[in-house]
Amino acid sequence: MLAISNIVNNQQAAVQGLTKRGLANARDLVDQVVQLDQLRRETQTKLDSTLAESNTLSRQIGQLMKEGKREEAESVKLKTTELKNSSKALAESLRTHEEQLQQVLYNIPNLPHKNVPEGLRAEDNEVLLEHGEIPTLPQDASPHWELIEKYDIIDFTLGSKISGAGFPVYKGKGARLQRALVNFFLDKAREAGYIEIQPPLLVNEDSGYGTGQLPDKEGQMYEIVDQKLFLIPTAEVPITNLYRNVILQENDLPVKNTGYTPCFRREAGSWGAHVRGLNRLHQFDKVELVHITQPEHSYAALEEMLLHTRQLLEQLELPYRILKLCAGDLGFTSAFTYDLEVYSAAQEQWLEVSSVSNFETYQANRLKLRYKDGNNKTQMLHTLNGSALALPRIVAAILENNQQAEGVKVPDVLIPYTGFNIIN
RNA sequence: AGAGGGUUGGCGGAGUGGUCGAACGCGGCGGUCUUGAAAACCGUUGUACCGCGAGGUACCGGGGGUUCGAAUCCCUCACCCUCUGCCA
């Protein structure tokens with residue numbers, strides 16, 4: 001969430017940023033924050049002085065009791081009753097104001113960075129560049145959902161039988177290709193200086209709030225109701241929450257973590273013809289990068305992550321393009337996002353395979369993640385993350401783009417990992 | 001899963017109702033001394049919020065309660081340890 005002071009002291013900028021995202025009630029939201037913050041502070045000032053008075057009296061009572069002056073003590077006690085009532089009422093109203101304020105803050109998205117393009121719809125995203133040649137496939141080329149059946153490497157029917165739609169079963173070379181991709185991605189991340197993390201796949205409610213999945217995206221996560229645990233929708237959640245309520249030292253920075261995990265998403269109501277096959281799943285594999293750094297370095301870190309991700313796609317010989325998301329298409333918690341899309345030749349469409357974002361202080365605020373600078377002062381940090389990469393659509397693109405009469409050619413860089421060079 | 005014991009500041013560890021944000025030790029930081037360092041000695045050393053400031057308030061695993069007053073008593077949840085059970 002945004003820092004209160006940030007909103008209150010820069011109201012105009014906040015309104016502008018939220019309006020850029022397409023929020024019709026931006027002014028109203030900012031006003032609510034200002035007003036609730038004012039109330040909260042007034043209430044706390046009153047409460048604090050009431051408690052101070054009552055603390056003083058309590059100490060008096062203690063002193064009197066010690067001196068054996070019970071009568072006097074009793075009379076002081078009477079005075080405290082009134083204070084007690086008013087402090088109780090003040091505490092109650094303080095809590096109400098704080099809760100309301102937090103509620104409003106939870107529902108205010110991040111402010112877009114100034115370089116984020118104007119626009120509200122996906123069509124307004126800016127195509128930064130296209131890389132690689134789009135392959136021309138033979139007339140009888142198949143989409144990946146036919147290829148996986150033909151070579152019997154991914155089985156949706158079996159998945160439905162044991163789990164449900166959107167839970168594919170990977171078999172034989174299909175399974176080995178998955179494992180190869182995961183290892184390839186992790187090795188590259190390690191070479192780029194990322195520490196590999198294997199986090200839990202189930203997280204608690206606090207973690208959901210920490211990275212911003214809760215409360216606004218509750219429907220996206222699978223929940224173990226009786227344990228109040230959530231299946232992670234991305235490794236971002238556990239790996240970033242490692243740093244919840246943490247004050248890092250300056251020499252811990254930058255933090256560069258990576259992790260492979262399955263990701264679980266309910267994707268309620270988003271099924272249809274355009275999400276056939278591997279395009280959208282309830283469970284999929286992904287290698288994630290998480291970066292934590294000082295504000296002044298975060299945009300350099302973002303570029304570094306983008307470059308890393310691009311290089312993966314280039315090594316896999318997949319044609320891709322980079323989008324700069326417009327304000328309206330930006331994720332709730334993001335200040336700036338690059339999307340990377342690969343071209344899936346048989347489907348003849350671009351598929352998003354990575355999203356690289358700078359959250360600036362938005363997550364760090366919720367997480368209470370800070371660091372001590374050279375002067376031993378506590379300062380805010382920026383968090384960033386990016387997929388490098390999400391597997392299913394990469395697999396879809398490899399299958400479709402590399403299909404030949406004798407089978408699907410495995411990208412050279414993967415052969416040491418797969419142990420085979422063709423899927424047939 | 002059952003029984004019992006725990007959870008205190010960066011770490012170790014006192015504290016069982018009154019001036020405790022918390023003894024003491026270690027570590028960290030600053031200083032004295034030294035050519036420099038070590039040792040020794042002196043000082044300092046949590047976080048958040050409110051307040052222009054002086055200063056105040058809250059926090060001893062989380063939440064709630066009793067009391068004029070709670071780290072200390074009660075309830076509840078989480079986690080840790082030991083034993084039993086089960087299992088990879």
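Order of the sequence lines fixes the chain letters, A, B, ..., with proteins taken first and strands second; residue numbering starts at 1 for each chain. Reckoned from all heavy atoms, side chains included, excluding hydrogens, waters and symmetry mates. Keep in mind it's a predicted model, so treat the numbers as computed, not measured.
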Participant: Report the relative orientation of the aromatic rings in F336(A) and H113(A); use parallel for angles under 30°, tilted for 30 to 60°, perpendicular for over 60°.
Facilitator: perpendicular
Participant: Under a plain distance cut-off of 3.5 Å, with no hydrogens placed, do Q283(A) and R265(A) share a side-chain donor-acceptor pair?
Facilitator: no
Participant: Reckon K372(A) touches a base, only the sugar-phosphate, or nothing at all at heavy-atom distances under 4.0 Å?
Facilitator: sugar-phosphate
Participant: For R121(A), is there an ion pair with D329(A) - N to carboxylate O distance below 4.0 angstrom?
Facilitator: no
Participant: Do side-chain atoms of R21(A) reach the backbone of N110(A) as a donor and acceptor pair under 3.5 angstrom?
Facilitator: yes
Participant: Extract the stems that RNA chain B is part of, considering only consecutive pairing runs of at least three Watson-Crick or G-U wobble pairs, both distances under 3.5 Å.
Facilitator: B:1-7 with B:78-84, B:10-12 with B:24-26, B:27-32 with B:40-45, B:46-50 with B:55-59, B:61-65 with B:73-77
Participant: For a side-chain contact (heavy atoms from CB on, under 4.5 Å) with Y243(A), tell me which candidate from T383(A), L367(A), I292(A) qualifies.
Facilitator: I292(A)
Participant: Quick one: label E74(A) by what it contacts on the DNA or RNA (base, sugar-phosphate, nothing), any heavy atom closer than 4.0 Å.
Facilitator: nothing
Participant: Checking F167(A) against F156(A) for the ring-ring contact (aromatic ring centres under 6.0 Å, His included) test, could you report, in this order, the C-alpha distance in whole Å, the side-chain angles of both residues, the deciding distance, and whether it holds?
Facilitator: CA-CA 7 Å; F167(A) 290 96; F156(A) 279 93; over 10 Å; no
Participant: Output yes when K77(A) and E74(A) qualify as a salt bridge under the 4.0 Å nitrogen-oxygen rule, no when they do not.
Facilitator: yes
Participant: Sequence neighbours left out, what passes side chain to side chain donor-acceptor pair (under 3.5 Å) with Q60(A)? Give chain and number order.
Facilitator: none
Participant: Anything under 4.0 Å to a heavy atom of chain A counts; send over the first and last such nucleotide of RNA chain B, read 5' to 3'.
Facilitator: G18(B) to G69(B)
